[in-house]
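So that the names make sense, note that chain A is the first sequence line, chain B the second, and so on, each numbered from 1.
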Amino acid sequence: MSDIPAPRHIPDRLDRPLRSALLSWEALLVAVTVTIFGLNCVASPYFLDPWSLSDLTFNFTEKALIALAMALLLISGEIDLSVAGIIALSSTLMGMAAQTGAGTAVLVPIGIGMGLACGALNGVLVTGLGLPSIIITIGTMSLFRGIAFIMLGDKAYQGYPADFAFFGQGYVWWVVSFELALFLAAALLYWFVLHRTSFGRRIFAIGNNPVAAQFSGVRVSRIKFLLFCLTGLMSGIAAVLVTSRLGSTRPSIAQGYELEVITMAMLGGVSISGGVGSILGVVLAAFIMGLVTFGLGLLNVPGIVMSIFVGLLLIIVIAAQRLTAKGAPHRGG
Amino acid sequence: MKALFRYREVWLLVAIAVLIGLVSIRFPAFAAPGNLAQIFNDTALLIMLVLGQMLVIVTRSFDLSMASNLCFTGMAVAMLNAAHPDIPVAMLIVLALVIGLALGALNGILIWKLNMPSIVVTLGTLTIYRGATFILSGGAWVNADQMSPTFIGLQRVVVLGIPVLSWIVLLVIVLFFALTTYTALGRSIFAVGVNPTASVYIGVDVGRTKFIVFCLSGMVSGLAGYLWVARYVIASVEIANGFELNIIAACVIGGISIAGGIGSVGGAVLGALFLGLISNALPVIDISPFWQMAISGMAIIVAVAINARAERRKGRIILRKAETA
């Protein structure tokens, strides 16, 4: 992010014939997904059960929702490490409201609104003061979670209204959970925004060369501010889902989510130095991470060992990308 | 006098003095030398790790795997000590340095040879090293009664009034100061951060320099791993979870620029001390420890805001002496 961006190829739907599509990052991710899916089928006879497949999606949808917005932010050359802190704060606020007897119709706007407000604060700090987002959001990460700690102390909020449970536990159609349906709808929306609108093109332009983008009439600061708001908004939505699924709020809620969200985006082919990425890749990466953790879960592999596989996957996949890329620009980072 | 105040270290020192002064108005015992030495000892591990991270950040990289490296190395030496109490502690310390070095070198190789972004590599090894700790230990803890008394006791031994742990940190500080001030390697590290392209032209191998820096941060993490386990007399998969962000936060407060090229040993030490002081002062002035995260978050944001202004004014300097001369 701090480096001078090297000129890069801006993706264009006109120059993507079939051959390059087959050799693309997404094709590799599809192959990985199919392989892991196949391995899971072999590993456990219970895997192919529709309800078990549905359970699988709960592993990643909340993080993947944030990863969609994080992808846009990373493509623009910024990062947000405070997303888990935002979830903690939003969830705490909803918990407090629930204690006073607020209904679901009040809780959801509170959660989402708080997420948006936190995102806006990040955006103001980064664009208004011209400060590096990685540091600002480390600061706000502590700040948001710290405020959640102050408000909660050592308590845990419970007693959410019964109909609030729908968001994290409900099904909209047979085995399709509300979380999954929401994620798929959001993915479609983000795909359209990033790959089919001029707003999306501007995000790529900013990530490739913010100075050139500025001189081409792109309002760099305003777009970056919007992207921080968007990431905050998605974190607020995720807060509603997580809180509803767990049915309680603790200060340690969503601990470590920020790194998983960023891993998801990078596994999906989004460059940490900006300018490169696709929504399809992020969606595939989300499914891969869900499949890996769920498959290993079926084999009774402890959660912490699963994270080894996710880490290895990240390094191997990015290393493969570096090794196969022809004439990849020499960049620090 | 005016020239003196151009240095961030002076400002940090003033901030620390003010903080101590304010607390000691209500609680005079806080500023007693014994208590201050205690705070230094409490912050010792953070200082060491911050020094390692400082070099990494100066070369425009990040090492997010330091806390996981610490956890793995700590577990490895603790298990070895529990299984073979007759192995001398000195050998275990050397082993901790070697294991830490190996884990750091793995990061460094990937960053050097494959030219991968350091954030990606260390984000991956962050989870891998911690997961490897679980595999190594089978999820079990090594408790106080399983470790030998010398293994635990060494860092508590008081020499000339302060514990060995503090002495080790002072030694590390001196070594890092010597490295950055008097060696060609130290100068290349800063050169790489200030301008990687120009560094290549003056004959500095950017990749190799980054590799060495990651080896150093790994070694420091390994040493901190042994000391952490000995200090808190427990080795588990959970130790120092999330500590990597405290380390980076202290670096930022210490005035190390994440754009690379700017940073000093003094700043790093004072940045860590500032964070350590906040966490020690809060309970004393009767603020619940729950406030700690929020306050350090604010401190980071304020520090970055000040940093950004200072950098805009000053530009980047490799050698302070050359500038003041």
Side-chain angles (χ1 to χ4, degrees), chain A residues 1-4 79 81-82 85 125 129-132 134-136 138-154 251 255-256 258-260 262-263 266 271-273 302-316 318-319 321-323 328 330-333, chain B residues 59-62 64 110-111 114-121 123-135 139 192-193 196-197 206 210 237 241-242 245-246 248-249 251-252 257-260 288-305 307-309 312:
Chain A
M1 273 148 287
S2 51
D3 284 359
I4 305 149
I79 196 167
L81 290 169
S82 71
L125 286 171
L129 300 172
L131 300 174
I134 190 161
I135 296 304
I136 282 294
I138 284 179
T140 53
M141 171 178 74
S142 308
L143 185 67
F144 296 152
R145 200 177 282 279
I147 297 171
F149 261 108
I150 294 170
M151 285 160 61
L152 272 164
D154 49 5
Q255 198 102 54
E258 59 279 326
L259 294 181
E260 279 190 62
I262 292 164
T263 305
M266 285 193 299
S271 162
I272 193 100
S273 28
I304 190 144
V305 180
M306 291 179 194
S307 62
I308 297 187
F309 287 91
V310 175
L312 274 177
L313 203 63
L314 179 71
I315 289 184
I316 292 170
I318 307 283
Q321 185 188 23
R322 292 272 155 166
L323 286 173
H330 181 98
R331 291 207 309 272
Chain B
T59 64
R60 297 192 183 184
S61 307
F62 281 101
L64 297 173
L110 287 167
I111 291 158
L114 294 181
N115 197 22
M116 286 167 74
S118 62
I119 297 187
V120 182
V121 171
L123 194 60
T125 51
L126 174 150
T127 60
I128 293 173
Y129 295 165
R130 205 169 278 278
T133 315
F134 184 91
I135 293 181
V192 165
T197 315
V206 174
K210 284 190 178 176
V237 179
N241 211 350
L245 295 170
N246 293 29
I248 295 175
C251 285
V252 174
S257 163
I258 62 140
S288 109
F290 295 120
W291 280 80
Q292 193 182 325
M293 271 185 120
I295 290 179
S296 36
M298 286 302 292
I300 296 165
I301 295 171
V302 171
V304 190
N307 261 5
R309 276 186 47 206
R312 229 168 273 157

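More than 12 heavy atoms of other residues, nucleotides or ligands shown are found within 6.0 angstrom of CZ on B:Phe134.
We find the OG1-CG distance between B:Thr125 and A:Leu312 to be 10.0 Å, quoted to the nearest 0.5 Å. Taking CD1 of A:Ile308 as the start and CD1 of B:Ile135 as the end, the distance is 3.5 Å to the nearest 0.5 Å.
In this structure, chain A has a heavy atom under 4.5 Å from the side chain of B:Ile248, while its backbone stays farther away. Contacts between B:Ile295 and chain A at a heavy-atom distance below 4.5 Å are absent for every atom of the residue.
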- Tell me, with the steps shown, if A:Leu314 and B:Thr127 meet side-chain contact (heavy atoms from CB on, under 4.5 Å). CA-CA 10 Å; A:Leu314 179 71; B:Thr127 60; over 6 Å; no
- B:Phe62 and A:Ile134: side-chain contact (heavy atoms from CB on, under 4.5 Å), yes or no, with the steps? CA-CA 11 Å; B:Phe62 281 101; A:Ile134 190 161; 3.8 Å; yes
- Item | Chi angles and distances behind the side-chain contact (heavy atoms from CB on, under 4.5 Å) call for B:Leu123, A:Met266 | CA-CA 10 Å; B:Leu123 194 60; A:Met266 285 193 299; 3.4 Å; yes
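Partners of A:Glu260 by side-chain hydrogen bond (donor to acceptor under 3.5 Å, both in side chains), not counting sequence neighbours, listed by chain and number: A:Lys63.
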If you look only at distance, which donor and acceptor atoms sit under 3.5 Å apart when one is on a side chain in residues 141-152 of chain A and the other is two or more places apart or in another chain?
unit_1: A:Ser142; atom_1: OG; unit_2: A:Ile138; atom_2: O; d: 3.4
unit_1: A:Arg145; atom_1: NH1; unit_2: A:Pro251; atom_2: O; d: 2.8
unit_1: A:Arg145; atom_1: NH1; unit_2: A:Ile253; atom_2: O; d: 2.9
unit_1: A:Arg145; atom_1: NH2; unit_2: A:Ala84; atom_2: O; d: 3.4
unit_1: A:Arg145; atom_1: NH2; unit_2: A:Ile253; atom_2: O; d: 3.1

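Between B:Ile128 and A:Ile315, the closest heavy-atom pair is CD1-CD1, 4.1 Å.
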